[in-house]
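This structure is a prediction, so every number in the text was calculated from the model and none was measured. Numbered from 1 within each chain, the chains take letters A, B, ... in sequence-line order.
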Amino acid sequence: MKLIIAIIKPFKLEEVKTALSEVGVEGMTVTEVKGFGRQKGHTEIYRGSEYTVDFLPKVKIELVVSDELTGKVIEAVTRSAKTGKIGDGKIFVVPVEDAIRIRTEERGASAV
Amino acid sequence: MTLLCFVAGLHAQAPASAPTTDERLAALEAYINNADPGKSLTGVAGPGHNGWMMTSAALVLFMTLPGLALFYGGLVRRKNVLSVLGQCLGIAGLVTILWWAFGYSLVFGKSFGNSFLGGSEYFFLKGVTSAPNTDYAYWVSQNVFSMYQLMFAIITPALIIGAIAERMKFTTILAFVAVWMFVVYFPLAHMVWGITGFMNGVWNPSATIKAIDFAGGTVVHMSSGWSALVLCLILGPRLGFGKEKMAPHSMVLCMVGTGMLWVGWYGFNAGSAVAADGIAANAFTTTTIAAAVAAFVWGMIELMFRKHASILGFCSGAVAGLVVITPAAGFVTINGAVIIGILAAVVPYIFVTKVKAKFGYDDALDTFGVHAVGGTLGALVTGFLATSEVNGNLNTNLKAIVGSSLWLEQLKAIGLTLVISIVATILIAYALKAIIGLRPVPEVERQGLDINEHGEEGYVD
């Protein structure tokens, strides 16, 4: 099992979700986050005052999938989240030791 | 007692003093022309004029609550949004009480026979009834007139809070306003609008300074704007000013407030004719033109020099246009209003972007840059653009100087307004600093005024 963490542009969330459903992903966790990478922030001007905004809004998607599905999921996120411009985001893949469905107490891949 | 009055009433209506048909007709014509009704129809308000003035009074209150409150409230950080609303509400209540007790009488009374302060005859609004006070309007109830003028007295000190936003104690603000009204506003309003006023060029033939101010360029915008600058200098900048981000927390609220100010300003300017007459119609038109031109020009300046026309730019331009047309609205032509609109965008733009940055004072929401600069500009420009073609009242006492040396009188009025506002604010601010202190402790300012001064939060997730 792998934990896949994808940080993407917020307006791409719907497309990514659709693409993930198409490859068979049945659940995910989504968080609105802020941060910066190479894109850096932007400048806002209010009358005479200029402010640099370092942290840009992004969406973080977290999902746990079986090892077989990992490649397809990475491909789906990359394809659907890409605009080709700076700030498209990142995908991190982390091994997962175990998973438990609380209701049934199932464990392992069948729990995700 | 009732019987006596009845008998007296009968006596008063004896055939000898009954108005003739011609007199009754003349009184009705006077209603249409907003003139003296003569023997007939005295002591009654004209429904149309009265209706417009009640509407105008409500519109001017709407400028403060919630127009200005939202315009300013949107521009502060979210931890201080309620403090601005609280200051506007507090001032609305406090000034109303002062106005009822002393203010109206000190501004519009004349028992002192003084050109700097009115009189004591209307203290506690005694005798202020639905009958008109013909010193100011033949057809508007005096109680309506007093409420209309009250709304100006409310918004003027409320404008000051823009410069000192986010860093002054609520109790000190109320104390400052209470004293400032007696030392600055009541005397100035009497000088400019009182029938025995020192600077009331239009109506007082013995005015020393023969200046004109249609709806409050000097009284409202200059007095509040210059006092605001002085107070913000004495107060010092907000903690973290120039280092931390102090961007508006809601440009949406700010824009909503701007729209309310613009709408309310029709009561402010067109209502200042104190009648639903042709002068009011002219003021309504020039107000629209100046506000729209200034909003557009400010936005376009930003588009040219900064590549973005900002919402705050459009809002600032609209308010600046409204400020600058205020003293001129009932005196200038439509073309005059276009010129005023352009100037209102260019000059305050330079002040809020260049001058403020150069000198580094923390006029938090640009009360000085927009209201003091705009009010001063408007007072001066009115001297050049006023014409009796638009307002025949300029022929009554000012025929000799309109179109020639009126601007010199305007300069004198500007000078006197500046001196009163600046000197009084310095004295009041330092006195309050010594007695009760101006600023909250740093922890309170850091955490926000809303929780600490008002015990509430503007946004609970």
- line: Looking only at B:D366, B:T353, B:V352, B:L75, most heavy-atom pairs under 4.5 Å shared with chain A are made by B:D366
Close aromatic pair by centroid cut-off 6.0 Å: B:W298 and B:F314: no
message: Do B:W226 and B:T376 pair up side chain to side chain, a donor and an acceptor below 3.5 Å, judged on atom types alone?
response: yes
field: Portion of B:A247 that has a non-hydrogen atom of chain A nearer than 4.5 angstrom
entry: both
- prompt: Which atoms of B:I311 come close to chain A, meaning under 4.5 Å heavy atom to heavy atom: side chain ones, backbone ones, both, or neither?
  reply: neither
field: NZ/NE/NH1/NH2 to OD/OE distance under 4.0 Å, A:D88 and A:K9
entry: yes
query: Does any heavy atom of chain A fall under 4.5 Å from the side chain of B:M251, the backbone, both, or neither of them?
result: side chain
- prompt: Should the ring pair B:F351 and B:F368 be called parallel, tilted or perpendicular, given that the plane angle runs from 0 to 90° and is split at 30 and 60?
  reply: perpendicular
